[in-house]
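Single-structure report; data block below.
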Amino acid sequence: MTTKANFPVTAGPVVVPYGHVIGNEKWRGSEIAQRLQGKIRLIFEDGLGLVDFHLSNRTCILYISEADLVAGNEFKRRLVRFRNASSLEGIVIVERTPISDQYFLAVQKLVVLELGMVVFPVANQGEASQLITQLVREQSKDQNSNPFLRKQSSQLAEPSLLRTVQQIPGVGRTKALLLLQQFGSIHRLCNASVKELELVVGQTLAQQIYNFLCS
């Protein structure tokens, strides 16, 4: 019997038909699957390995539940294995609940700062299904309106980056926009000095941001 530690990242190249989502067989019958039915075309396949849902041939979702967060570090190993072995664009959905909230900031820093992926917090599987539906529709809309794939990627990334930066303590939407405009990416923001941050947000908040990113 294959153990979790030996699961392949994926079973091989996954071709996602236009307008569909391919879900890992383990999600059949789940609340996410039930809520997605009727909104998007959901196909289940066995052997997707670490991936929970494929939104397209190059974008996939890894889902971290409240139980995963409370249970220990297995989910971290899963994320690292995926990032090290896959060239897919990974979107990580994390259940941020009153029970799991204490773990969220550490997960966010791992996903965004160390692994270079996008993270979205959700309250439950119902909210996750709404997010997946929105992401699929945004990708479809971009593909229809613009033949240049790079625009599709940037339109998906910008809202998620903004949302991530806003989760830094003390940073609202306006400050997040200024920081992204100045530094352009999370990685450059993490490498900024206190003085560089001060030029954008002032001394007090600059020190708070620096302490958060470097802790």
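Note that the structure is predicted; figures quoted are calculated from it, not measured. FYI, side chains are in, hydrogens and waters are out, and symmetry mates aren't considered; it's all heavy atoms of this structure.
Although no hydrogens or angles enter the test, the distance criterion places no donor-acceptor pair under 3.5 Å between the side chain of Arg81 and the main chain of Asn84. Counting only distance, with no hydrogens or angles, the side chain of Glu89 and the backbone of Arg58 share no donor-acceptor pair below 3.5 Å. With hydrogens and angles disregarded, no donor-acceptor distance shorter than 3.5 Å links the side chain of Glu95 to the backbone of Pro121. Between the Asn57 side chain and the Val16 main chain, a donor and an acceptor come within less than 3.5 Å of each other.
Across all their heavy atoms, Gln208 and Pro169 have their closest contact at OE1-O, 4.1 Å. Pairing each heavy atom of Ser129 with each of Leu36, the nearest pair is O-CD2, 3.4 Å. Residue Val194 comes nearest to Ala206 through the heavy atom pair O-CB, 3.8 Å, listed as atom of the first residue, atom of the second, then distance. The two residues Glu127 and Val122 have their closest heavy-atom pair at OE2-CA, 3.4 Å. Considering every non-hydrogen atom in both Ile93 and Ala128, the closest pair reads CG2-CB, 4.2 Å. For the pair Asn24 and Gly49, the tightest heavy-atom approach, listed with the atom from each and the gap, is ND2-O, 3.4 Å.
In this structure, CG on Leu199 lies 12.0 Å from CG on Leu178, to the nearest 0.5 angstrom. Put simply, OG1 on Thr204 and CD on Glu198 are 9.0 Å apart, with the number rounded to the nearest 0.5 Å. Once rounded to the nearest 0.5 Å, the distance linking CG of Leu69 with CD1 of Ile64 reads 7.0 Å. If you take CD on Gln108 and CD1 on Ile168, they are separated by 7.5 Å, rounding to the nearest 0.5 Å. Interatomic distance, Leu50 CG to Leu79 CG, rounded to the nearest 0.5 Å: 9.0 Å. Taking CG of Leu55 as the start and CD1 of Ile132 as the end, the distance is 7.0 Å to the nearest 0.5 Å.
Between Arg78 and Asp52 a salt bridge is recorded (basic side-chain N to carboxylate O distance below 4.0 Å).
A cation-pi geometry, defined here as NZ or CZ lying under 6.0 Å from the six-membered ring centre and within 45° of its normal, does not hold between Lys195 and Tyr210.
Heavy atoms of other residues, nucleotides or ligands lying less than 6.0 angstrom from CD of Gln37 number more than 12. By the neighbour-count criterion of 12 heavy atoms within 6.0 Å, atom CZ of Arg41 is sparsely surrounded, having that number or fewer from other residues, nucleotides or ligands.
Here the options are Thr174, Leu205, Ile209, the test is side-chain contact (heavy atoms from CB on, under 4.5 Å), and the partner is Leu179; only Ile209 passes. Tested against Phe75, the residues Asp68, Leu62, Val80 include a single side-chain contact (heavy atoms from CB on, under 4.5 Å) partner, Asp68.
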Problem - side chain to side chain contact (heavy atoms under 4.5 Å, CB included) between Trp27 and Leu42, intermediate numbers included - result: CA-CA 11 Å; Trp27 289 98; Leu42 179 60; over 6 Å; no

Practice task
Carefully, step by step, assess Thr133 and Val21 under the rule side chain to side chain contact (heavy atoms under 4.5 Å, CB included).
Solution key: CA-CA 9 Å; Thr133 301; Val21 169; over 6 Å; no

Practice task
Kindly indicate, with the supporting measurements, whether the criterion side chain to side chain contact (heavy atoms under 4.5 Å, CB included) is fulfilled by His54 and His20.
Solution key: CA-CA 9 Å; His54 281 275; His20 289 64; over 6 Å; no

Practice task
Verify side chain to side chain contact (heavy atoms under 4.5 Å, CB included) between Val118 and Val111, making sure each step is shown before the conclusion.
Solution key: CA-CA 7 Å; Val118 175; Val111 172; over 6 Å; no

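Between Phe53 and Ile91 there is no side-chain heavy-atom pair separated by less than 4.5 Å. For the pair Phe212 and Leu105, the minimum side-chain heavy-atom distance is below 4.5 Å. Using a 4.5 Å heavy-atom cutoff, the side chains of Arg35 and Gln125 are not in contact. Residues Leu135 and Thr59 form no side-chain contact, since every pair of their non-hydrogen atoms from C-beta on lies 4.5 Å or further apart.
Applying the side chain to side chain contact (heavy atoms under 4.5 Å, CB included) test to Glu196 and every residue at least two apart in sequence or in another chain returns Phe183, Ala192, Ser193.
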